[in-house]
Amino acid sequence: MTSRKYFGTDGIRGLVGQWPISADFMLRLGRAAGIVLARHGGRQRPVVVIGKDTRVSGYMFESALEAGLVAAGVDVRLLGPMPTPAVAFLTRSLRADAGIVISASHNPHHDNGIKFFSAAGEKLSDELELEIEAEVDADFATVASEQLGKAVRIDDAVARYAEFCKATVPEDFSLRGVKLVLDCAHGATYQVAPKVFRELGASVTTIGDHPDGFNINNGVGSTHPEALQRAVLDAGADLGIAFDGDGDRVQLVDRHGVLADGDDILYVLARNWQRRGLLQGPVVGTLMSNFGLQLALGADGINLLRAQVGDRYVLQQMKAHDSVLGGETSGHILCLDRATTGDGIVAALAVLEALVGDGQDLASARAGLVKLPQVMLNVRADGAREALGSEAVRQACAEVEAELAGRGRVVLRASGTEPLVRVTIEAADADEVERLAQRLAQSVKEAAADHISSLLATDSP
């Protein structure tokens with residue numbers, strides 16, 4: 001990842017108007033992607049689909065990418081506002097060579113970004129992303145006029161994706177008599193999510209379904225569930241479902257107004273799928289999945305495997321261990337028996353299928369999951385990342401782990417972009433967790449200061 005110039009772990013993302021999140025860069029990126037796809041594709045004229053969320057800047061970037069792709073001789077299929085997982089599905093369904101999503105996910109409107117999907121509806125390989133990066137910096141050239149690509153708009157994209165979502169549950173599955181509140185985050189699910197759940201028979205109330213280009217994720221959605229919690233209680237609903245701006249995350253609210261995050265969703269699905277013989281391989285979480293989830297699943301004989309934070313790494317571990325269920329606490333849930341990528345609507349349907357099938361509500365279905373208190377402290381200081389390799393920090397971490405003696409968990413994570421280390425500790429005793437986290441954070445601070453002092457001493461004459 002350190003050799004990358006533009007791509008991060010989840011595409012290219014940043015502040016609109018600042019390179020590379022600018023119209024001129026997107027023009028070059030479109031052409032570069034087209035050239036690389038033509039180089040590796042099996043047909044003379046590649047096809048690329050483009051979807052976006054509801055940010056006002058999406059129009060600008062859609063046009064720029066379209067122009068760059070057409071200049072490279074690529075045909076373009078424009079989907080309009082569609083969830084990220086819908087672009088993955090439609091890339092496969094339309095037999096395209098790649099898909100592009102214009103979105104900054106759960107970020108505010110002034111951010112935007114680009115994600116790519118392969119023809120299989122999966123994220124591009126590191127090698128292809130690096131090849132696209134190299135081509136971005138090459139001279140811009142346009143193919144001959146007779147070789148230019150063409151762009152058309154796919155008018156039935158919402159209907160196509162809605163049918164796909166409904167096909168992930170049994171044909172006789174019905175939500176009649178179920179009262180739902182959907183929070184669409186003023187984002188990409190605002191059209192399709194209410195359509196899917198209403199067509200399955202649910203009584204649906206919606207919030208966050210009036211995007212204006214600027215209100216995406218603003219006080220609504222999976223990162224701001226308070227609005228949904230109030231709406232569920234006000235409506236007397238059975239369940240609340242909150243998506244993020246691009247629809248690949250989901251959080252739930254039970255009928256009591258209590259939030260259920262990705263750990264809760266994994267717990268409910270894993271136990272239901274195990275009973276039904278559908279669970280294959282371990283459940284894959286991340287370093288941040290609560291230790292209580294590991295204990296609760298273990299009590300049912302279900303193994304929790306931890307990946308690095310990021311749905312890309314969860315997917316890698318799932319494939320390596322033939323797993324069908326994985327996800328992050330944030331609500332990225334991957335059901336690989338149903339979709340190739342994290343999909344908020346598909347995950348919510350899977351939970352509803354489990355609840356309806358077992359005759360349970362969400363509160364009772366997750367009652368066996370007791371989350372351990374967690375404290376996460378951010379240590380921001382020059383030299384913080386380097387401090388993780390110091391003997392002092394390693395010794396301090398070993399002492400904390402010994403004190404917990406298997407009763408909890410310690411995670412030290414360095415930011416990839418900032419002089420920042422996240423110290424996370426989980427255990428049953430909240431006071432103990434706070435005390436140990438403060439101790440470990442202090443050791444990181446001291447080691448960071450020592451690292452900087454040594455550098456200054458080396459540089460001085």
Side-chain angles (χ1 to χ4, degrees), residues 53-55 81-86 103-109 161-162 165 175 178-198 200 202-211 215-269 311 327-335 339 341-355 361-363 365-366 369 371:
D53 64 23
T54 55
R55 292 162 218 269
M82 291 294 291
T84 289
S103 175
S105 189
H106 56 283
N107 287 22
H109 75 87
Y161 177 59
C165 291
L175 290 173
V178 178
K179 194 171 186 179
L180 302 177
V181 179
L182 305 184
D183 181 350
C184 299
H186 297 307
T189 60
Y190 81 100
Q191 299 177 91
V192 68
K195 177 181 176 66
V196 168
F197 291 97
R198 284 186 177 126
L200 287 170
S203 172
V204 176
T205 300
T206 56
I207 64 173
D209 61 335
H210 289 84
N215 59 2
I216 187 170
N217 301 312
N218 186 10
V220 289
S222 62
T223 52
H224 301 280
E226 301 86 7
L228 179 62
Q229 290 174 293
R230 290 192 298 270
V232 166
L233 292 175
D234 290 344
D238 299 299
L239 187 72
I241 303 171
F243 305 104
D244 67 338
D246 73 329
D248 62 357
R249 291 190 189 191
V250 64
Q251 303 254 348
L252 303 177
V253 172
D254 69 23
R255 62 188 178 88
H256 305 294
V258 179
L259 183 68
D261 62 19
D263 289 350
D264 296 288
I265 293 171
L266 288 179
Y267 176 74
V268 171
L269 290 179
D311 59 326
E328 301 185 274
T329 307
S330 62
H332 277 123
I333 305 297
L334 291 96
C335 305
T341 188
D343 190 316
I345 295 176
V346 169
L349 286 174
V351 172
L352 281 164
E353 181 190 356
L355 297 179
D361 65 6
L362 179 59
R366 66 167 180 172
L369 172 58
K371 295 178 183 176

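In this structure, the side chain of Lys179 engages the main chain of Ala235 through a donor-acceptor pair within 3.5 Å. A donor-acceptor pair under 3.5 Å links the side-chain atoms of Asp244 to the main chain of Arg249, judged by distance alone. Of the possible donor and acceptor atoms, none in the side chain of Asp53 sits under 3.5 Å from a partner among the backbone N and O of His106. Side chain of Asn217 to main chain of Pro108: no donor-acceptor pair is present (N/O by atom type, distance under 3.5 Å, no hydrogens or angles). Judged by distance alone, with hydrogens and angles left aside, the side-chain atoms of Gln229 form a donor-acceptor pair with the main-chain N or O of Gly257 at under 3.5 Å. A donor-acceptor contact shorter than 3.5 Å is absent between the side chain of Asp183 and the backbone of Pro225.
Qualifying side-chain hydrogen bond (donor to acceptor under 3.5 Å, both in side chains) partners for His186, counting only residues two or more places apart in sequence or in other chains: none.
Contact annotation: the side chain of Val181 never approaches that of Val253 to less than 4.5 Å [non-hydrogen atoms, C-beta and beyond]. Contact annotation: the side chain of Arg366 approaches that of Asp254 to within less than 4.5 Å [non-hydrogen atoms, C-beta and beyond]. Here the side chains of Thr341 and Thr84 are not in contact, with every heavy-atom distance at 4.5 Å or above. Side-chain contact between Leu266 and Ile333 is present, with at least one heavy-atom pair separated by less than 4.5 Å. Here the side chains of Pro194 and Asp209 are not in contact, with every heavy-atom distance at 4.5 Å or above. Looking at heavy atoms from C-beta onward, Arg255 lies out of side-chain contact with Leu362 at the 4.5 angstrom threshold. Leu369 places a side-chain heavy atom less than 4.5 Å from the side chain of Asp264. In this structure the side chain of Leu252 reaches within 4.5 angstrom of the side chain of Ile241, judged on heavy atoms.
Asn215 CG to Arg55 CZ: the interatomic distance, rounded to the nearest 0.5 Å, is 11.0 Å. From Leu200, atom CG reaches atom CG of Leu349 across 6.0 Å, with rounding to the nearest 0.5 Å. Atom CG of Leu259 is separated from atom CD of Glu226 by 8.5 Å, given to the nearest 0.5 angstrom. A distance of 3.5 Å separates CD1 in Ile216 from OG1 in Thr54, rounded to the nearest 0.5 Å. One finds the CZ atom of Phe243 at 5.0 Å from the CD1 atom of Ile345 (value rounded to the nearest 0.5 Å). Of the inter-residue distances, the one linking Leu352 atom CG with Leu180 atom CG reads 6.0 Å to the nearest 0.5 angstrom.
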### Message
Run the side chain to side chain contact (heavy atoms under 4.5 Å, CB included) test on Arg230 and Ile207 for me, step by step, so that the C-alpha distance in whole Å, both residues' side-chain angles and the decisive distance to 0.1 Å come before the verdict.
### Response
CA-CA 11 Å; Arg230 290 192 298 270; Ile207 64 173; over 6 Å; no
### Task
Step by step, work out the side-chain hydrogen bond (donor to acceptor under 3.5 Å, both in side chains) result for Asp248 and His332.
CA-CA 6 Å; Asp248 62 357; His332 277 123; 3.2 Å; yes
### Task
Report the C-alpha separation of Thr329 and Asp263 in whole Å, then their side-chain angles, then the decisive distance to 0.1 Å, and conclude whether the side-chain hydrogen bond (donor to acceptor under 3.5 Å, both in side chains) test is met.
CA-CA 5 Å; Thr329 307; Asp263 289 350; 3.1 Å; yes
### Task
Would you sort out whether Asp361 and Leu355 count as a side chain to side chain contact (heavy atoms under 4.5 Å, CB included), showing the intermediate values?
CA-CA 6 Å; Asp361 65 6; Leu355 297 179; 5.9 Å; no
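Contact detail for Gly221 and Ala185: the closest heavy-atom pair is CA-CB, 3.6 Å. Closest heavy-atom contact between Met82 and Tyr161: CE-CB, 3.8 Å.
In the displayed structure, His256 atom NE2 is contacted under 6.0 Å by more than 12 heavy atoms of other residues, nucleotides or ligands.
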